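These notes are about the structure you will find just below.
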Amino acid sequence: MFFCRRPWQLILPFSLLLTSPAFAQESDANTTGEDAPVIQEQPGLQPEAPSMQEGDPEQNDTAPTIQQDPQPEITPDPVAAPAPAVSASNDFGQEVQDIEAAPIAVFAPAHSAPVQTPDLTMRGNSGTLLDRWNVTLGGYLRTAYSMIEDDPNLQLVGRNDGFHFVDARLSLAGQMDNGLGFFFELNADAELSVDEEYAPADKLGARLADAYAYYRPFSFLEFNIGQFKAPFDREELISNASLLFVHRSVGNKGVSSIEGRRAEGLGISRELGLQLRGRYNFLADNNEPNGPGVSYAAAITNGEPENISINSNGKMAYYGRLGLHWGQSIHLGAAYFLNDNTFGEEPNRIKQETSGWTADLLINMYGASLFANVMQRDSSSPDIPNSPEIKSLAYQVQIAYEEPFFGFQPAYRLAYLDPTSDYGDGDTFDIFEQDALTYHTIGLNYNAPGYPVRVMANYTFTGEQDQRELKNDRFDILFQLSW
């Protein structure tokens, strides 16, 4: 007779049996007030839209501050005091992994309150109770629709209009009171390989972005080890979620095959190595930048792009950066790098010597912002007979203003890239004489008040010299959600 019962007659009493203990447990928690820690936001805290501003390593009055309830005792042993509230560093009023700011111990794009998990209590190798980890989860999703003008002579350009992932990131950060911390970020839309069936589309997958440990005993002294952004191009040091435009400048990222004739940008992204950095404010007021200040960074890396397992030639790359500041309003920086790399497959391995410098200026006052930078890279290949030295040049100027009422932010950028500004010993070959690119981008951003949401619209007028001339103006509209 048991098997003659109808299914619902058996499921109903069984479900009631399972839910009764959970209901009793929930009722008990409500009456005792001993529930799990509750995430609290600072009273009156409103998500704030980006405004081209750099934050202090220790405190930032524009960044969200996290408060949390006292944690329930896990063991009868003495437990260290809860970690203090931590603030996100920002640049352009935005989240940034910058050598001129502290590491992102709490990773939260500028206009969203970070989500904080309950503290984790760790035990050392000897079993003694250690300090608590203040662990924070963050990330962002950026999806865009792009439309590129169809060039009549180059069939690949302008034939891939549609939706695409710009970024999909998930990050985890941890920090202790003693200055020890880590930062870990996954890139969920990394390009893995070309899909021949849908060429020139790329297959996407998850790959490592940032993964480094740090120790910061003082605000002016911090050690990083792992994979991090090389301290060179300031635009590259800004988080993608904090950019004022849908895409980075042409000088930084270059041109892909579906956008125009391929060109390599001069930006340098993540590398694996060791870094020393810090910042000191001479007239800090309650740990907030005020008056003159200085920042620095020095790094030694493998000189390989991100996610390369080992060094290709046993030689290291060297980076150095120095910044001068006046409060959070004016920032002047410069950097230099040197890298002896090797590329190609055995037995045709070719040595390439590269070096470069950059300088940048950032001004942020009364909602208006100005950012300008210039980069130059020199490269040569001693293994190739009569190999010339190639100089590449890039610069950009961008301005923006965020009105204080509705969250609208108009912006304009002039970006320039000359892949071969000089070819050889002062002599410019005719084939490379007219290959520079000049892009004008007009943008309008909407930073939703009270929501971690941005909508960005860009139109780019592309200008190429004779060797690269195309009809490839583009329109982009992007939706961004941060957490």
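Since the model is a prediction, treat every value here as computed from it, not as a measurement.
- By the side-chain contact (heavy atoms from CB on, under 4.5 Å) test, Asn307 is found to be paired with Arg207, Leu208, Gln227, residues two or more places apart in sequence or in another chain being considered.
- Side-chain N/O atoms of Gln275 and Tyr212 include no donor and acceptor closer than 3.5 Å.
- Qualifying ring pair (Phe, Tyr, Trp, His ring centres under 6.0 Å) partners for Tyr395, counting only residues two or more places apart in sequence or in other chains: Tyr416.
- The existence of a salt bridge linking Lys229 and Asp210 is excluded, since no basic side-chain nitrogen approaches an acidic carboxylate oxygen closer than 4.0 Å.
- Under the side-chain contact (heavy atoms from CB on, under 4.5 Å) criterion, Pro217 pairs with Tyr215, Leu221, sequence neighbours left out.
- In this structure, Asp161 has no side chain to side chain donor-acceptor pair (under 3.5 Å) partners at least two apart in sequence or on a different chain.
- In this view, Glu353 and Lys351 satisfy the salt bridge (charged side-chain N to carboxylate O under 4.0 Å, His left out) rule, not counting sequence neighbours.
- Every residue meeting the side-chain contact (heavy atoms from CB on, under 4.5 Å) condition with Phe461, not counting sequence neighbours, appears here in chain and number order: His440, Ile442, Tyr459, Asp473.
- Evaluation of the salt bridge (Lys or Arg N to Asp or Glu O under 4.0 Å) test over residues 243-256, restricted to residues two or more places apart or in two chains, returns Lys253-Glu259.
- Ser392 is linked by a side chain to side chain donor-acceptor pair (under 3.5 Å) to nothing, counting only residues two or more places apart in sequence or in another chain.
- Scored by the side-chain contact (heavy atoms from CB on, under 4.5 Å) test, Leu154 finds Asp151, Val157, Arg261, Leu470 as partners (sequence neighbours excluded).
- Sequence neighbours left out, the pairs with a member in residues 260-283 that pass ring pair (Phe, Tyr, Trp, His ring centres under 6.0 Å) are Tyr280-Phe282.
- For Asn341, the side chain to side chain donor-acceptor pair (under 3.5 Å) partners are Ser312, not counting sequence neighbours.
- Under the rule for a side chain to side chain donor-acceptor pair (under 3.5 Å), the partners of Glu464 that lie at least two apart in sequence or sit in another chain are Asn472.
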